[in-house]
Amino acid sequence: MNLAKTIGPGTRHALPILLFLLVGFAAPLLAVIGFSFIPARSFSLWQSWSLGNYIEIFNSTSYLSFLWSLGLAAVTVLILAMICYPIAYGLARVFGKYATLVTLLFTIPLFVSENVRLYGWVLFFIKNGVLLGTLKAWFGIEPESWLFTNGIIVFGMVYVYLPFMLFPMTLGVSMVPDQTRDAAFDLGATRWQVFKEVELPLSMPGIMIGFLLSFVLAVGAIAEAKVLGGQQIIPISHDIEIAFTYAQNWPLGAALSVLLMLVVGTMVLLVLRRFDLDAILGRR
Amino acid sequence: MNSRSPILQLRKLTKTFGSFTAVKEINLDITEGEFFTIVGPSGSGKTTLLRMLTGMESATSGDILLRGARINDLPANKRPTCMVFQSLALFPHRTVGQNIEFSLKIKNVAPDVRKARALQLMAQLRLPQDYYGKSVTKCSGGERQRVALARALAYDPDILFFDEPLSAIDYKLRKTLEKELKDIHRETGKTFIYITHSLEEAMVMSDRIGVMRAGQLVQVGSPQQIYSAPETKFVSEFIGDVNVMAVTAKGSSIVHAAEFGVDIASPAVPAGFTAGHLVVRPESLRFIENRSGAENCLEGRLYNEYVLGSRIQYQVRVHDHVFIVEKLRQQAFAGQRDDNVLIGWDAKDSILVTD
Ligand SMILES: Nc1ncnc2c1ncn2[C@@H]1O[C@H](COP(=O)(O)OP(=O)(O)OP(=O)(O)O)[C@@H](O)[C@H]1O
Ligand SMILES: [Mg+2]
């Protein structure tokens, strides 16, 4: 009875959905965490737990995969930021409050499977493919194919994660009120000062959400390296997949997953702390 | 400095959006140190005019002269003018102090000098000194108003523009801020150009008022002139409840009101006036016992009455026309609804206007 009083009516009404979310979100997570502590290549939680899998990872070269994933994600996010900010800015200026709707158009490619789109790019870039085949037929030149290089992996990731950066960024940029911009200009600010003092800080919430979203997704990227990169680079998600499928070593895969979550989670928290969650979620 | 010289001159200033003319051939001289108010209904082009004067909107044609020099092509950040917006447009991610200091920071003024100036302005505008580090989003409406004004004053502009800054504020606070604004105008001696659609607000504060209608300035004058000598029906109606009768000229000071089939004694009919309107204020109309009680008289039926605080308004129907008679509460009229009554007024209390 006392409990019912302390949790209040709001929480009580939210309880069913809360439980549902808890089961849907926490259950698989807990399972993965649990599995990461059982002996390698076993399949039962009910045995003695140990840190064996983690020790194995630290003695292996998995850290390379971590570094590749984090590095590729970081480069992707930076490139995305440089591409998306001008687009978001233009959209916000041209379409005003409808800009975010227009950005939805950029999500249309998401209706087609990522793998299909990536194979499309393979056909485009492959030797004798759309690009090189055309160059050869028309101009008789035959450059090296860019397929299976790091550059093409980054290209693929930028291409795939663009909507996830653009959408929140456009939202952020269109949140800057025109009059605030006018006011800064009226008070003597130059174009650059208006950007630095008003537009950038006021659109920061959207920019940060875009950064976080595309970074978290990009760290987990796997298809780009597989399909466009020709498996020259093994990102961490690929390691995890191998452990779970080919190697049939679920505990190792689980331990890798837990580490990945820890690394990404820590980075996200650090960024959020640096940028004051209050401001990002819009106190006003 | 000659305080009578014009600081701002507008010559045939025009702004069109596509085929729509928002501001049409405005000619106006604003005197140095003047408090000039532009009033007009919604959509009459007030904001557009102001945006051209601040440099946020380019003029389609015509000239803007600042102390004789044409400034049409000078961008907003180079003009010695500053605007207080209706939305105030404060920087929400900054503190009160940072908002006020914005223009000084832009000019690379040293931080301690900036702060001293901000605190001085805050004192002048009755903002507590410890608000300096407070987030503007946590300030009340009236406080934000003062921050916006302080921010504009810190820029030290020659002309301050205001676009209905008080329209979203409740009546009592608005009255206080109107007074404060007038005080600041006196203290700083700067030229203020103020927009409102409330003529009452304009009357309280202004040295001169310009009335805008559909992109044109239809009348410019002192509050007294606008109130007592409106030139058009539009201006007279803008001032508040008035009684307006369509009339045609009939003699040197006689007009004919076809609607009532009567001749009316009017002020001197100007040369060239053939048809227009006769305006009588509700407080100039009175109930009379018999036809000799006033120079002009109409018979009607008492239709309704409204108590407006210290005053009472009576509606009197004469044919299909409703007249408004206003009396002080202590002089309330004793008549009953649906009584037949006589209302009258003297020629000197009426005004002849054109359309
Ligand atoms: N950028 C624009 N493009 C097209 N039309 C515009 C633009 N800005 C203003 N207008 C039009 O010009 C007219 C005058 O607008 P303005 O904002 O100057 O009116 P206002 O007198 O300030 O009205 P309010 O009292 O409602 O603020 C309006 O009909 C408006 O629709
Ligand atoms: Mg306006």
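Residue numbers begin at 1 in each chain, while the letters A, B, ... track the order of the sequences.
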*How many angstroms lie between atom CZ of A:Phe185 and atom OG1 of B:Thr54, to the nearest 0.5 angstrom?*
10.0 Å
*Do A:Asp182 and B:Met83 touch side chain to side chain, with heavy atoms closer than 4.5 Å?*
no
*Answer yes when A:Asp186 and B:Arg79 have at least one side-chain N-carboxylate O distance shorter than 4.0 Å, and no when they do not.*
no
*Flag yes if more than 12 heavy atoms outside B:Lys78 fall under 6.0 Å of its NZ atom; otherwise flag no.*
no
_Need one label for B:Arg51: side chain, backbone, both or neither, based on atoms under 4.5 Å from any heavy atom in chain A._
side chain
_Residues, nucleotides or ligands: over 12 heavy atoms within 6.0 Å of B:Phe17 CZ_ = yes
*With no hydrogens and no angle check, is any side-chain donor or acceptor of B:Arg94 less than 3.5 Å from a backbone partner on A:Val198?*
no
*Check whether more than 12 heavy atoms from other residues, nucleotides or ligands sit under 6.0 Å from atom NZ of B:Lys134, and answer yes or no.*
yes
_Minimum side-chain heavy-atom gap A:Glu197-B:Lys105 below 4.5 Å_ = yes
_How about CH2 on A:Trp68, more than 12 heavy atoms from neighbouring residues, nucleotides or ligands closer than 6.0 Å, or not?_
no
*Atom of A:Thr180, atom of B:Leu90 and distance for their closest heavy-atom approach*: CG2-O, 3.9 Å
*Would you indicate whether the side-chain heavy atoms of B:Phe91 and A:Leu187 approach each other to under 4.5 Å?*
yes
*State, with a plain yes or no, whether a side-chain heavy atom of B:His93 is found less than 4.5 Å away from one of A:Met204.*
no
